[in-house]
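Working notes for the structure below.
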Amino acid sequence: MKGGAAISVLMLLGACAPAPVETAPADPAAVARGRDAASRLGCGACHAMPGIAWPKGRVGPPLSGFGARPLIAGELPNRAPLLAAFVTDAPAMAPGSAMPAIPMKKAEADDIAAWLLSLDD
Amino acid sequence: MTERTLSSEGWPPAVLDPAGPYSEPVTLLAWVLLAGGPVILAIVLGALWIALRGSPRLKTRLGGEKAIWILGFAFPSVVLTGLLVWGLMLTSSLSAARVPEGAMRVKVIGEMWWWRVHYQDGQGRETLRDANELHIPIGQPVLLELEAADVIHSFWVPRLGGKMDMIPGRTNRLLIEADAPGIYKGQCAEYCGGPHALMGFVVVAHTPADFARWQASRLPSQGAGGEGLALFLSSGCAACHTIRGTPARGRAGPDLTHVGSRRTLGAGILPNNPGTMAGWVADSQAIKPANRMPAYHQFSGEELQALTAYLVSLK
């Protein structure tokens, strides 16, 4: 789709269009690191996640196919920078969510965002 | 993509990687038995091959009275007697029958599916209650008095010592010791029903100076608590959990006075951070099925946040 960037900006502003979103090709190393970080931090305590056999928590939504979802927590456009900010400090990004702020490094948050955006099934 | 299981700082624990004088002999014995088993198996298979496929001359020799006396009687007698004597000598230093003078004493009580940890002074008086995590100084033996509250469990921190059953109505004693500071994981080693496989344990070994600092930090809760404590008290949590310094005095579940400073949640199985705390409080049944803490479905997102923030603050 030509002009994807312009459309993305519009979507960022509008934050409601359900059209497919073009994502930058994911860096496989970042995706792998992101999965490791999500495993190490225990994200599975609340979320069922593809590739992680246990735990498969039920408090938060399952994360399979996350990369294809238009919105984060039903509130924010699902783009890498917002997603990285959300996984670190959900209360600041989506007040009212049960997901707490979780201490992690900026690089870990970026990797986790890359991994989540790579999930397409 | 291969499915895998979350590994929280080396849990389940490494088994053949001793880190102290009470686990080294166990590991050596295990290696000798592991290496010796295949040697003897090879001899037996060799004899079997001769019996089935060997030349008539070899078969005759194998079937003779001399071979029976040597291979069937003398060889096992010598090998098994030697192993018995050597094994007993090697592991005699592990015995808790002779406890070194001044050894630190801790009572650990197995529960379905977690551990009570009661620190004691030199006279056996209880000084501090905690759960699922044991702090010890390095370079000195620690005497564990192992009991069970319900069914048989088995205490096992493979890098620090042997394995010892915890039997209702009995007190078994086990010595452990760590050579270097670090985190050593344990695992219940006797099937105890339900989520037995998710009954982990943590030993944190400190330098003597760090250990003294840790001991000095074990004060009753000083925090204001605010909404989180109010929710804890009004939602039934206090019926099972104690937080010293608050009205929460329940005894059925783990003491939470210092839960925020533990390395893990759920008895050794999850890393401890606000996210895993929220997940455990709201629905521990999804993480550790059939454990005795019910799922809590009544909290709003904000309430769960407040409760989580309070628990995490209990350092």
Side-chain angles (χ1 to χ4, degrees), chain A residues 26 28 31-32 34-67 73-75 86-105 108-109 112 115-116 118-121, chain B residues 1-12 195 197-198 200 228 231 260 262-291 293-313:
Chain A
V31 168
R35 191 177 72 143
D36 287 348
S39 172
R40 195 169 56 245
L41 288 165
C43 305
C46 290
H47 300 281
M49 302 186 290
I52 294 181
W54 174 90
K56 287 188 180 292
R58 299 178 293 217
V59 181
L63 300 180
S64 54
F66 194 87
E75 294 193 29
F86 179 84
V87 298
T88 315
D89 192 358
M93 305 294 288
S97 162
M99 180 161 156
I102 297 166
M104 70 179 86
K105 298 188 188 81
E108 286 178 317
I112 289 172
W115 171 63
L116 287 171
S118 79
L119 298 177
D120 54 5
D121 59 352
Chain B
M1 201 185 282
T2 48
E3 288 264 312
R4 57 188 187 163
T5 294
L6 178 155
S7 172
S8 137
E9 287 183 333
W11 179 87
L198 296 174
L231 279 165
R262 279 188 204 138
R263 266 50 174 191
T264 64
L265 292 180
I269 60 172
L270 283 176
N272 186 5
N273 62 47
T276 52
M277 184 71 85
W280 180 267
V281 169
D283 191 5
S284 68
Q285 292 299 323
I287 299 165
K288 186 165 173 170
N291 89 81
M293 175 161 156
Y296 279 81
H297 290 174
Q298 73 265 45
F299 297 125
S300 71
E302 272 130 352
E303 286 170 338
L304 189 56
Q305 291 263 8
L307 191 51
T308 298
Y310 170 64
L311 292 170
V312 168
S313 78

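Throughout, protein chains are lettered first and strands after them, A, B, ... in sequence-line order, and every chain is numbered starting at 1.
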[X] and [Y]: which non-hydrogen atoms are nearest, and at how many Å?
| X | Y | result |
| --- | --- | --- |
| B:A282 | A:V59 | CB-CG2, 3.6 Å |
| A:P55 | B:L270 | CG-CD2, 4.0 Å |
| B:A286 | A:G57 | CB-CA, 4.0 Å |
| A:C46 | B:A278 | SG-C, 4.4 Å |
| A:S97 | B:Q305 | O-NE2, 3.0 Å |
| A:G96 | B:E302 | CA-OE2, 3.6 Å |

Can you tell me which portion of [X] sits under 4.5 Å from chain A's heavy atoms? Options are side chain, backbone, both or neither.
| X | value |
| --- | --- |
| B:N273 | side chain |
| B:E303 | neither |
| B:L198 | side chain |
| B:L304 | side chain |

Measure A:A101 against the heavy atoms of chain B and call it side chain, backbone, both or neither at under 4.5 Å.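 Only the backbone of A:A101 comes within 4.5 Å of chain B.
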Are any side-chain N or O atoms of A:W54 and backbone N or O atoms of B:K288, one a donor and one an acceptor, separated by less than 3.5 Å? no
